[in-house]
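Read through the structure below, which is laid out as structure tokens, and then see the notes.
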Amino acid sequence: MQDLVAWKTSDDRMPLLIDGARQVGKTWLMKEFGRQHFKNTAYINLENNAVMEQVFESYTDTAQVIRAIAAYTHEEIVPHETLIILDEIQEIPFALSSLKYFCENNPEYAVVAAGSLLGIKFPKKRAPYPVGKIDKLRLNPLSFTEYLSAAGEKQLVESLKAGDFSLISAFAPRLNRHLSDYYFIGGMPRVAATFLKKADYHKARKIQLQIIDDFENDISKHLDEAQASLAHTLWQSVPVQLGKEQGKRFIFSKLKEGGRARDFKNALQWLIDAKLVTKVRRISKPEIPLKSSASDQLFELFLLDVGLYSAMTELDIESVLTMSPLFGKAKGALSEQFVCQQLIAELEATPYYWASDKTPAQLDFVVSNKGRIYPIEVKAGENLQSKSLRAFSEKYDLHGYRFSLAAFKSQDWMTNIPLYAINQLFALSTK
């Protein structure tokens, strides 16, 4: 919401495109933004909308489009006072193209659009993409601090944002309880809202399963039978491979006998474009930019949400909340999924991982910010030995960071940060 307000008041504002997976809250956010910050809102859902499809494919004049939107929504369109919302814009590629003309000819109109499958559906029709003519924002599932805010823990959130670890430590039991809930509930808005209102874990799980079913229906809807089968196999294997003990690399031969990367290439790209999975590539050495040494063939896959991971692996609430020893290796995979999600949502970082070619040493994540590299190890259990992190830090002369359930502790070569305080990673290096 803060980013949207900054966009509204920007001197060089262009039409805004909000990208993100289905059901992460794009529609609610746009409507609430209009309600709070504009005199009125003209909202149009472009999915299965034959009237507006004809409008955008027939008209090239912005004034005509404005008149059509006003007629369709029964709203007066006033520059600077009305928010125009074009939802599911990927359904009508010419509507996406029209954003270029709003930018060039009528920048006084506030236009926000949202789409879930932009990289997938847009190329299917001949309509020029509005390159350089739009502002973009990415909406992710709720981060942990956003979840805390929704839970009414304003003071805890302020403590986390301030990096006040003496105060944070005092509230560690409360934060750990919320963290356990978040591992199970995750950040899908409808799941979180239902749980925080009713405190019903079973109802939250039911909604998660509905969301997973919706995602899988999307796969079947948008891909042919052969590719859909491959995409389903990939999607369902992600949490399984995250929990494996051997190495970090995603192994296609585990999906089916003789499985090869090239067989799954298109299906994997579809899942990535749909924002259902995140591809974390392996780097060979820590150099800026990290992307320069990243492999396209060696990578790990994560789901978009830790709560959906819990649901897909059928983790029961008792195991998650008590961090039961029977939880076993799944606890580590769940924590890695959590950390990956927070690195993206909280810190807007692109996560990579590192593994040695000559030894078993490997690091869960490596990220960069403002020219600085952050090697990261994730620990979910009692064993806090960090042999790989230490070896990596000494070899490349880099300060290491460990996320665990232990309290904050800074050493000469490594800093331990509680899992619930990931948001402080970059801030700590400036203190």
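The existence of a salt bridge linking Asp218 and Lys221 is excluded, since no basic side-chain nitrogen approaches an acidic carboxylate oxygen closer than 4.0 Å. Under a 4.0 Å N-O distance rule, the pair Glu158/Lys161 does not qualify as a salt bridge. Look at Asp214 and Arg22 and you find no salt bridge, because none of the NZ, NE, NH1 or NH2 atoms lies under 4.0 Å from a carboxylate O. Ion pairing between a basic and an acidic side chain is recognised when a charged N comes within 4.0 Å of a carboxylate O; Arg174 and Glu153 show such pairing. Salt-bridge annotation for Lys26 and Glu88: absent, with no side-chain N of the basic residue lying under 4.0 Å from a carboxylate O of the acidic one.
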Problem set entry | CA sep, side-chain torsions, deciding dist, call: Arg190, Gln210, side-chain hydrogen bond (donor to acceptor under 3.5 Å, both in side chains) | CA-CA 11 Å; Arg190 185 180 164 208; Gln210 290 174 352; 3.2 Å; yes

Problem set entry | Candidate pair Ser393 and His399, rule side-chain hydrogen bond (donor to acceptor under 3.5 Å, both in side chains), full reasoning | CA-CA 6 Å; Ser393 298; His399 190 79; over 6 Å; no

For this session: Output, in order, the C-alpha distance, side-chain angles, deciding distance and verdict of side-chain hydrogen bond (donor to acceptor under 3.5 Å, both in side chains) for Tyr353 and Asp364.
Result: CA-CA 5 Å; Tyr353 80 94; Asp364 297 310; over 6 Å; no

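Taking the six-membered ring where tryptophan is involved, the planes of Phe338 and Tyr183 are tilted, since the angle between them lies from 30° to 60°. Using bins of under 30°, 30° to 60° and over 60° for the plane-to-plane angle, the ring pair Tyr374/Tyr401 lands in the tilted bin. Using a 30° and 60° split on the angle between ring planes, Phe408 and Phe165 fall in the parallel class, below 30°. Ring geometry, Phe33 versus His37: the interplanar angle falls from 30° to 60°, so the pair is classed tilted. Ring orientation note: the planes of Phe365 and Phe302 are tilted relative to one another, at an angle of 30° to 60°.
Outside the 6.0 Å centre-distance limit, the rings of Phe184 and Phe195 are not counted as a close aromatic pair.
Taking CD of Gln411 as the start and CZ of Arg402 as the end, the distance is 6.5 Å to the nearest 0.5 Å.
Looking only at distances, no side-chain donor or acceptor of Ser229 sits under 3.5 Å from a matching main-chain atom of Glu225.
Side chains of Gln362 and Trp354: no donor on one and acceptor on the other come within 3.5 Å. Side chains of Ser143 and Glu346: a donor on one and an acceptor on the other come within 3.5 Å.
In terms of the salt bridge (charged side-chain N to carboxylate O under 4.0 Å, His left out) criterion, residue partners of Lys133 (sequence neighbours excluded) are, by chain and number, Glu104.
With a 4.5 Å cut-off on side-chain heavy atoms, Tyr420 and Leu160 count as touching.
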